[in-house]
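So the structure is just underneath, and the comments pick up after that.
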Amino acid sequence: MRRIPRPLAVECPAYFGRYTSQVPENDILRVLVEQGADLVALLAPLGDDGALHRYAPGKWSLKEMIGHITDMERLFVFRCLSFARGAPDELPGADEDLWVENADFDAVPLADLLAEAAAVRTATVRFFNNLDDTGLARRGRANGMDYRVSCMPWLIAGHERHHMNVIRERYL
């Protein structure tokens, strides 16, 4: 697998530093592969009923958390694809609560949510592994923030790590 250098702080929106700082490792594609396996190993044993757990009223269920992680990964990769291919337009943001509210993740079998997350992760790793240096160096703008494509795999890994920490601390 290719090596994608750790981004400089100026290459990622400051807001997302809370995610990228959670990834101290240097081989980001390996981290992404390992995370995909960890998600399934941690949550599959819960079964459908266990994955409906919410740690407090008004908080997402574990199924909704899995769906959110997967949706945001898709969004981040779409942004990368657009930027890497030279799309000139700014991309919109996303309302994560609205997306979860309209997805009905709780009605989807846990096994399907985990299989979907694994498929998205496999596609993400292949995308970044096959992206050339020019594509990785390109920049774009989304939701009022500037990004460099090479920042995004770190953001994806950090976003998932953030939510996995929440799952371990508050759900399990």
Side-chain angles (χ1 to χ4, degrees), residues 1-4 6-7 11-13 15-25 27-44 51 60-85 87 90-106 108-131 135-136 138-143 145-168 171:
M1 266 190 275
R2 80 173 290 140
R3 293 282 181 157
I4 300 174
R6 178 177 301 285
E11 296 174 324
C12 296
Y15 173 82
F16 290 115
R18 66 188 186 134
Y19 297 140
T20 58
S21 66
Q22 293 195 41
V23 187
E25 299 91 341
D27 187 344
I28 193 59
L29 294 185
R30 178 182 296 246
V31 169
L32 289 170
V33 168
E34 290 171 358
Q35 276 185 333
D38 291 346
L39 177 75
V40 172
L42 182 66
L43 299 178
W60 293 341
S61 70
L62 283 165
K63 285 185 173 187
E64 289 171 329
M65 186 75 81
I66 296 164
H68 164 72
I69 291 167
T70 304
D71 276 357
M72 295 312 294
E73 184 164 335
R74 280 188 173 111
L75 175 68
F76 294 144
V77 172
F78 171 73
R79 289 175 178 172
C80 288
L81 175 66
S82 297
F83 303 157
R85 301 300 190 253
E90 178 171 350
L91 300 175
D95 181 335
E96 61 189 35
D97 290 316
L98 180 66
W99 285 21
V100 169
E101 179 183 323
N102 287 307
D104 198 17
F105 291 123
D106 284 345
V108 180
L110 176 61
D112 288 354
L113 288 171
L114 293 172
E116 184 177 356
V120 168
R121 180 53 55 95
T122 296
T124 295
V125 170
R126 287 180 188 240
F127 172 77
F128 284 114
N129 192 53
N130 295 325
L131 196 56
L136 278 169
R138 286 203 171 106
R139 295 179 168 275
R141 189 165 176 81
N143 198 27
M145 296 179 275
D146 295 313
Y147 297 82
R148 184 174 176 176
V149 172
S150 61
C151 163
M152 299 297 264
W154 301 88
L155 194 157
I156 291 166
H159 177 259
E160 181 167 328
R161 189 162 284 167
H162 162 76
H163 285 295
M164 291 301 286
N165 289 338
V166 170
I167 288 170
R168 286 184 178 95
Y171 287 85

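Throughout, residue positions are numbered sequentially from 1 according to the sequence presented. What's counted below: heavy atoms across the whole structure, side chains too, no hydrogens, waters or symmetry copies.
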Rounded to the nearest 0.5 Å, what's the gap from CG on D112 to CD1 on I66? Could you check? 11.0 Å
Closest heavy-atom contact between F128 and C80? CZ-SG, 3.6 Å
Distance in Å, R121 CZ paired with E73 CD, rounded so as to fall on 0.5 Å steps: 4.0 Å
Could you check W60 against E96 for side-chain contact (heavy atoms from CB on, under 4.5 Å), going step by step and ending with a plain yes or no? CA-CA 11 Å; W60 293 341; E96 61 189 35; 4.1 Å; yes
Smallest separation among heavy atoms of T20 and C12, with atom names: CG2-SG, 4.3 Å
Using every non-hydrogen atom in the two residues, find where A84 and V149 come nearest and quote the distance to one decimal. N-CG2, 3.8 Å
Could you walk me through whether H163 and H68 satisfy the side-chain contact (heavy atoms from CB on, under 4.5 Å) test, starting with their C-alpha distance in whole Å, then the side-chain angles of each, then the deciding distance to 0.1 Å, before giving a yes or no? CA-CA 10 Å; H163 285 295; H68 164 72; 3.2 Å; yes
Is a side-chain N or O of Q35 found less than 3.5 angstrom from the main chain of A157, in a donor-acceptor match? yes
Atom of P109, atom of K63 and distance for their closest heavy-atom approach: CA-NZ, 4.2 Å
Going from CG on D97 to CD on E64, what distance comes out if it is rounded to the nearest 0.5 angstrom? 10.0 Å
CD1/I167 to CE/M164 distance, rounded to the nearest 0.5 angstrom? 5.0 Å
How are the rings of F16 and Y147 set to each other: parallel, tilted or perpendicular (split at 30° and 60°)? tilted
Spatial distance of atom OH (Y19) from atom CZ (R161) [nearest 0.5 Å]: 14.0 Å
With side-chain contact (heavy atoms from CB on, under 4.5 Å) as the test, would you mind laying out the steps for L136 and R2 before giving the verdict? CA-CA 12 Å; L136 278 169; R2 80 173 290 140; 3.2 Å; yes
Aromatic ring pairing F76/H159, orientation class (parallel under 30°, perpendicular over 60°, tilted between): perpendicular
May I ask you to decide if I156's main-chain N or O and E160's side chain share a donor-acceptor pair within less than 3.5 Å? no
We want to know whether E116 and T70 form a side-chain donor-acceptor pair, criterion being a heavy-atom distance below 3.5 angstrom. no
Closer than 3.5 angstrom, by distance alone: can the side chain of R6 be matched with the main-chain N or O of I28 as a donor-acceptor pair? no
So which heavy atom on Q22 is nearest to which on R18, and how close? NE2-O, 3.2 Å
If the test is side-chain contact (heavy atoms from CB on, under 4.5 Å), which one of T122, N129, T124 qualifies with R126? T122
Separation between NE2 of H162 and CG of L155, rounded to the nearest 0.5 Å: 11.5 Å
In terms of heavy-atom contacts, L43 and L114 come closest through C-CD1, 4.2 Å
Applying side-chain contact (heavy atoms from CB on, under 4.5 Å) to R138 and R85, what does each step give before you reach the verdict? CA-CA 8 Å; R138 286 203 171 106; R85 301 300 190 253; over 6 Å; no
Quick check: does any side chain N or O of R3 sit under 3.5 Å from a backbone N or O of L29, one acting as donor and the other as acceptor? no
